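In this text, all values refer to a predicted model and were calculated from it rather than measured experimentally. Note on naming: letters A, B, ... go to the chains in the order of the sequence lines (proteins, then strands), and numbering restarts at 1 for each one. When reading the values below, keep in mind they use all heavy atoms of this one structure, side chains included, and skip hydrogens, waters and symmetry mates.
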2 protein chains.
Amino acid sequence: MQDLFTSFSLQVNNRVYIKNPESSALGRKIVESSINLIDEVGFEAFTFRKLGLEIHSNEASIYRYFESKYKLLLYLTSWYWCWMEYRIAFGLANIPAPEERLEKAIKLLTENIELDGSFEHINEYKLNKIVIAESSKSYMTKEVDQNNKEGFFAGYKQLVGRVSDIILEINPTYKYPHMLISTLIEGAHHQRFFAQHLPRLTDAVNGEDAIIEFSKEATFKAIGAKCPTK
Amino acid sequence: MQDLFTSFSLQVNNRVYIKNPESSALGRKIVESSINLIDEVGFEAFTFRKLGLEIHSNEASIYRYFESKYKLLLYLTSWYWCWMEYRIAFGLANIPAPEERLEKAIKLLTENIELDGSFEHINEYKLNKIVIAESSKSYMTKEVDQNNKEGFFAGYKQLVGRVSDIILEINPTYKYPHMLISTLIEGAHHQRFFAQHLPRLTDAVNGEDAIIEFSKEATFKAIGAKCPTK
DNA sequence: CATTTATGATAGCATTACTATTATATTTGC
DNA sequence: GCAAATATAATAGTAATGCTATCATAAATG
């Protein structure tokens, strides 16, 4: 069992960091506190100098792990997508019916994330908030093509690919599986943000998680299948 | 007719600027060149100093029109959503059937934008690219609640509200019209970006605009209606 | 215990995002 | 046609940012 876990240990593309932050106490502290600080002040106002003060360490030391704050953001988002894939892989294990697997995958992709404590130095609740608010800044840049070549978005693409495969299992003729899943993921993130800050762009419904329900319903209708629990 | 146009003239919330850029040649030049420059170098690398050099004017002069580059971005995105609402208002005029109106609205919201030259100092083609790549930076900020209170997102919210109303005309029991439309708009923008830079997240189909087709199909299926042209 | 490696402290530099001041055009109202 | 108001330009300055470089010291390793 331990082995299974180890083989699933979240391996972020090693080109996003200079020195692997998992490899030292300082590295883990950098990751842990960067999540707190970005969540608190936002990515724009976040600086390595402030982070250094926060962890009673040094700006220059942080630069030995990450080339820039953008690379650190890329590290955090990559880690998040790896983690999401791991959640889905485990969550769908031993479920044979593709409809049920799809339903569960959608839930896992769109639900509100709570702290689960599986990874000591990572607060999944705050990381989810960061991914919602800041992840577009990791790819909506002038360097996107370069970064893509270096494989920085591989985790996200792989995740989208996996869920698309379930769709194709259910309906092999559906033409837009990748579009549907990537729209769903980004859309659910946006909706969580809107629900908090721009509620006129959403539709809250008492007693249900409208974002999950909307996502399930829209997906199954789009591919012309029936959602198992409806 | 002129009057109709005038009453439709694109009125951006006057709190996003200090002095209305439409009111002077310099102001229009600032807007025109900021679109070129942001499109060229990206919003992060865009500065008022560079813009001043570009238009052979002065950094300080630009600050008399816009408090900061964020406010300028807010101006550009607000203008864009006003323009989109105007396109839709005209595009749907005299179409009685709500299904046809919805189909046309989706097309207008998700299609690729081309230069149309109706507004001398605004290049709609480039502005659309900016909105796709940078608009999330205008609301995914720590100041979103403050900015929302000041009405900076009113145009966007109004647009979503209008199209949602068409959905409710077709199916008054549909529970998530705002979610559907805002997901659609943001989703289509993301897809245009992905198609160019991260194609594994989309599904290109030869001979059709897959993004428009996907959007129409998903919307009509979600609300349980039939798309007129299918 | 000698040497490599990791961290800390300090300094420095070009650029950014502004603000302030003063000078010069340009418009306008009479 | 000219004074007064207004808009723009030129220049300088400031605190903060996003780094890089250097040197000293601490910790791990062989």
Side-chain angles (χ1 to χ4, degrees), chain A residues 14-34 37-38 40-76 121 134 137-138 140-143 146-147, chain B residues 14-34 37-38 40-76 121 134 137-138 140-143 146-147:
Chain A
N14 64 15
R15 275 187 277 190
V16 307
Y17 49 73
I18 295 168
K19 180 179 171 178
N20 190 344
E22 302 271 358
S23 72
S24 75
L26 179 63
R28 287 185 296 272
K29 190 95 191 119
I30 288 171
V31 170
E32 179 178 9
S33 293
S34 71
L37 194 51
I38 294 173
E40 195 181 318
V41 304
F43 184 67
E44 316 296 328
F46 167 81
T47 70
F48 280 0
R49 190 163 305 197
K50 288 176 193 165
L51 179 58
L53 285 171
E54 185 94 358
I55 62 179
H56 305 292
S57 175
N58 201 272
E59 199 184 359
S61 302
I62 300 168
Y63 275 103
R64 284 196 197 94
Y65 286 83
F66 295 101
E67 197 180 298
S68 69
K69 68 174 189 167
Y70 290 92
K71 287 283 166 72
L72 171 55
L73 180 63
L74 230 25
Y75 178 86
L76 295 178
H121 62 297
E134 320 286 1
K137 292 165 195 162
S138 74
M140 289 278 183
T141 67
K142 285 284 157 187
E143 298 77 38
Q146 176 61 28
N147 289 343
Chain B
N14 64 16
R15 275 187 278 189
V16 307
Y17 49 74
I18 295 168
K19 181 179 171 180
N20 190 343
E22 301 271 358
S23 72
S24 75
L26 179 62
R28 288 185 295 272
K29 191 93 192 119
I30 287 170
V31 170
E32 178 177 10
S33 293
S34 71
L37 194 51
I38 295 173
E40 195 180 320
V41 305
F43 185 65
E44 317 296 328
F46 166 81
T47 71
F48 280 1
R49 190 164 304 201
K50 288 176 194 165
L51 179 58
L53 284 172
E54 186 94 0
I55 63 179
H56 305 290
S57 175
N58 201 270
E59 199 183 358
S61 302
I62 300 168
Y63 275 102
R64 283 199 198 88
Y65 285 85
F66 295 101
E67 198 179 298
S68 68
K69 67 175 191 167
Y70 290 92
K71 287 283 165 72
L72 172 55
L73 180 62
L74 231 25
Y75 178 85
L76 295 178
H121 61 299
E134 320 286 2
K137 292 164 195 163
S138 73
M140 290 279 185
T141 68
K142 284 284 156 186
E143 298 77 37
Q146 176 60 30
N147 289 344

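Between B:R49 and A:Y65, it is A:Y65 whose nearest contact on DNA chain C lies nearer the 5' terminus. Position along DNA chain D of the nearest nucleotide to B:S24 versus B:E59 favours B:S24 as the more 5'-ward residue.
The two atoms that bring B:L37 and B:E54 nearest to each other are CD1-OE1, 4.2 Å, heavy atoms only. Across A:L26 and A:S61, no two heavy atoms sit closer than the pair CD2-CB, 4.2 Å.
One atom, CD1 of A:I62, and another, P of D:dC19, lie 13 Å apart when rounded to the nearest Å. One interatomic measurement links the two molecules: CZ of B:F48 to P of D:dT8, which rounds to 15 Å at whole-angstrom precision. If you take CZ of B:R64 and P of C:dT19, they are 12 Å apart, rounded to a whole angstrom. Separating the NZ atom of B:K71 from the P atom of C:dA17 is a distance of 15 Å, rounded to the nearest angstrom. Counting to the nearest Å, the P atom of C:dT5 and the CD1 atom of A:I18 are 17 Å from each other. Straight-line distance from the NZ atom of B:K69 to the P atom of C:dT16: 9 Å, rounded to whole Å. One can place CZ of A:F43 at 11 Å from C1' of D:dG18, the figure rounded to the nearest angstrom. A:H56 has its NE2 atom 16 Å from the C1' atom of C:dT7, to the nearest Å.
Residue A:K50 has no polar side-chain atom (N or O) positioned under 4.0 Å from OP1 or OP2 of D:dA16. Between B:S57 and D:dA9, a side-chain N or O to OP1/OP2 separation shorter than 4.0 Å is present. In terms of phosphate contacts, B:K19 brings a side-chain nitrogen or oxygen within less than 4.0 Å of OP1 or OP2 of D:dT8.
No side-chain donor from either of B:S34 and B:Y75 sits under 3.5 Å from a side-chain acceptor of the other.
With distances taken from any side-chain atom of A:S61 to the nucleotides C:dC18, C:dG8, D:dC19, the minimum falls on C:dG8. The side chain of B:S68 lies closest to C:dC18, out of D:dT22, D:dT8, C:dC18. The A:N58 side chain lies nearest to C:dG8 when the options are D:dG18, D:dA9, C:dG8.
Across all strands, A:E67 comes closer than 4.0 Å only to sugar-phosphate atoms, never to a base (heavy-atom distances). Heavy atoms of B:Y63 sit under 4.0 angstrom from at least one base atom.
With salt bridges taken as basic N to acidic carboxylate O contacts below 4.0 Å, none links B:K142 and A:E44.
A donor-acceptor contact shorter than 3.5 Å links the side chain of A:K50 to the backbone of A:A45.
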